[in-house]
Amino acid sequence: MIEIVLIPCLSDNYAVLLHDPQSLQTLLIDAPEVSPIIDCLDEKGWRLTDILITHHHFDHVQGLPSLKSRDNACVRGPNMSKAEIGYDYGVSEGSSVQWSGRNIIVIETPGHTLDHVTYFIASEKLAFCGDTMFTLGCGRIFEGTPDMMWNSMMKIASLPSDTICYSGHEYTGSNARFAVTIDPENQSLLDLAKSVSEKRSANLPTVPTILATELKTNPYLRTDDEEIRNHLNLQNATDAEVFAEIRRRKDNFSG
Ligand code: ZN
Ligand code: FE
């Protein structure tokens with residue numbers, strides 16, 4: 001059994017540490033901030049062997065130099081940003097990364113940025129979605145197009161429904177308040193939004209999430225839902241068009 005620790009960093013980022021007590025190997029997903037990650041490694045007595053980066057944004061890579069030098073970890077990140085950030089190895093669609101006897105599959109999920117990748121560990125059904133899919137949300141489209149982001153979301157949606165999905169930020173409070181404006185009759189969503197607001201009031205994380213739950217509640221994955229389409233008055237639009245409209249409304253949503 002691998003041990004997984006979710007580490008809050010900066011104001012709303014998450015890093016994740018995975019540790020295999022058999023091999024003693026430890027893997028970090030994203031490097032938003034040095035001190036909370038080092039504190040966790042120290043407290044657990046773990047040596048950091050590998051680092052995987054989802055995309056080139058500063059709030060995901062800024063801890064790399066210090067974290068790499070601590071235990072000389074091997075750093076992998078998207079091929080597209082290898083020159084910019086300086087990973088040891090680049091990865092791209094279909095790359096498989098070996099970590100502690102496991103196969104980690106690389107899925108390109110551009111849209112938020114062009115280089116963005118999601119890492120999937122099939123043996124544990126773990127997905128590290130970075131800033132592509134959030135609990136009840138999806139990333140803002142900075143470098144790609146809505147179509148691109150839609151395709152990326154569909155790649156994540158096609159993983160096994162019991163996949164445990166980690167995301168790069170705690171944005172769920174706002175995501176839930178927005179989601180209920182798009183899908184107000186969805187009882188699963190209303191129930192989840194209530195529990196999200198309770199968790200956030202207690203400062204508890206809402207990451208990770210289970211893909212099956214997202215498929216029932218995340219509006220960006222429910223573009224074929226008739227009630228959502230009626231609500232948006234987009235009965236005859238393509239799924240990608242419905243997705244783009246939901247994303248556009250979120251960009252203008254404050255709450
Ligand atoms: Zn980002
Ligand atoms: Fe980010």
Side-chain angles (χ1 to χ4, degrees), residues 5-18 27-37 40 51-68 75-87 90-93 106-120 126-153 155-156 165-176 178-179 196 200 205-209 214 218 220 243-244 246-248 250-254:
V5 186
L6 180 74
I7 306 176
C9 295
L10 306 172
S11 59
D12 52 32
N13 280 77
Y14 285 125
V16 185
L17 278 173
L18 273 63
L27 167 68
L28 171 70
I29 318 289
D30 282 342
E33 189 182 8
V34 176
S35 58
I37 298 170
C40 179
I51 303 175
L52 296 177
I53 296 295
T54 58
H55 67 294
H56 71 105
H57 278 163
F58 192 62
D59 63 314
H60 297 255
V61 301
Q62 64 176 330
L64 270 183
S66 310
L67 288 162
K68 179 180 171 55
V75 182
R76 292 181 175 85
N79 251 334
M80 212 179 277
S81 52
K82 182 173 182 283
E84 178 196 345
I85 309 295
Y87 319 119
V91 298
S92 57
E93 179 75 15
V106 177
I107 305 164
E108 289 184 351
T109 49
H112 175 71
T113 60
L114 293 177
D115 69 329
H116 201 297
V117 297
T118 291
Y119 296 98
F120 177 58
L126 292 169
F128 298 92
C129 306
D131 291 359
T132 299
M133 188 183 81
F134 298 118
T135 303
L136 284 179
C138 87
R140 201 175 270 265
I141 301 166
F142 285 116
E143 297 177 8
T145 63
D147 274 1
M148 204 182 256
M149 191 64 157
W150 165 246
N151 281 321
S152 297
M153 291 291 279
K155 282 173 149 181
I156 293 173
C165 301
Y166 283 81
S167 48
H169 291 267
E170 178 60 65
Y171 288 159
T172 318
S174 164
N175 286 343
F178 172 71
V196 162
R200 294 311 299 144
T206 63
V207 170
T209 179
E214 293 305 307
N218 185 322
Y220 303 92
F243 170 83
I246 298 172
R247 185 59 258 184
R248 193 190 64 74
K250 178 65 164 74
D251 290 343
N252 299 313
F253 176 77
S254 54

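Values below: every heavy atom of this structure, side chains too, minus hydrogens, waters and symmetry copies. Whatever order the structure lists them in is the order used to number ligands and atoms, beginning at 1.
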Residue His60 atom name (nearest to the Fe ion (ligand 2); N/O/S) | NE2

Please find out if the Zn ion (ligand 1) and some N, O or S atom of Asp131 are separated by less than 2.8 Å.
-> yes

Check His57 and report its N/O/S atom nearest to the Zn ion (ligand 1), by atom name.
-> ND1

Kindly determine whether Asp147 and Thr145 satisfy side-chain hydrogen bond (donor to acceptor under 3.5 Å, both in side chains), including the steps that lead there.
-> CA-CA 5 Å; Asp147 274 1; Thr145 63; 5.6 Å; no

Between the Zn ion (ligand 1) and His116, is there an N, O or S atom separated by less than 2.8 Å?
-> no

Would you mind checking if Glu108 and Lys155 are paired as a salt bridge, meaning a charged N to carboxylate O distance below 4.0 Å?
-> no

Quick one: does Leu52's side chain get under 4.5 Å of Phe128's, heavy atoms only?
-> no

Taking just the N, O or S atoms of Asp59, which one is nearest to the Fe ion (ligand 2)?
-> OD2

Which angle, to the nearest 10 degrees, do you find at the Fe ion (ligand 2) between OD2 in Asp131 and NE2 in His169?
-> 100°

Please examine the side chains of Ser167 and Asp131, heavy atoms only from C-beta on, and report whether any two atoms are closer than 4.5 Å.
-> no

Plane angle bin for Phe142 and His57 - parallel if under 30°, tilted between 30 and 60°, otherwise perpendicular = perpendicular

Is the distance between the Zn ion (ligand 1) and the nearest N/O/S atom of His55 smaller than 2.8 Å?
-> yes

Test side chain to side chain contact (heavy atoms under 4.5 Å, CB included) applied to Glu170 and Arg200, step by step = CA-CA 9 Å; Glu170 178 60 65; Arg200 294 311 299 144; 3.4 Å; yes

What atom name does the N, O or S atom of His112 nearest to the Zn ion (ligand 1) carry?
-> NE2

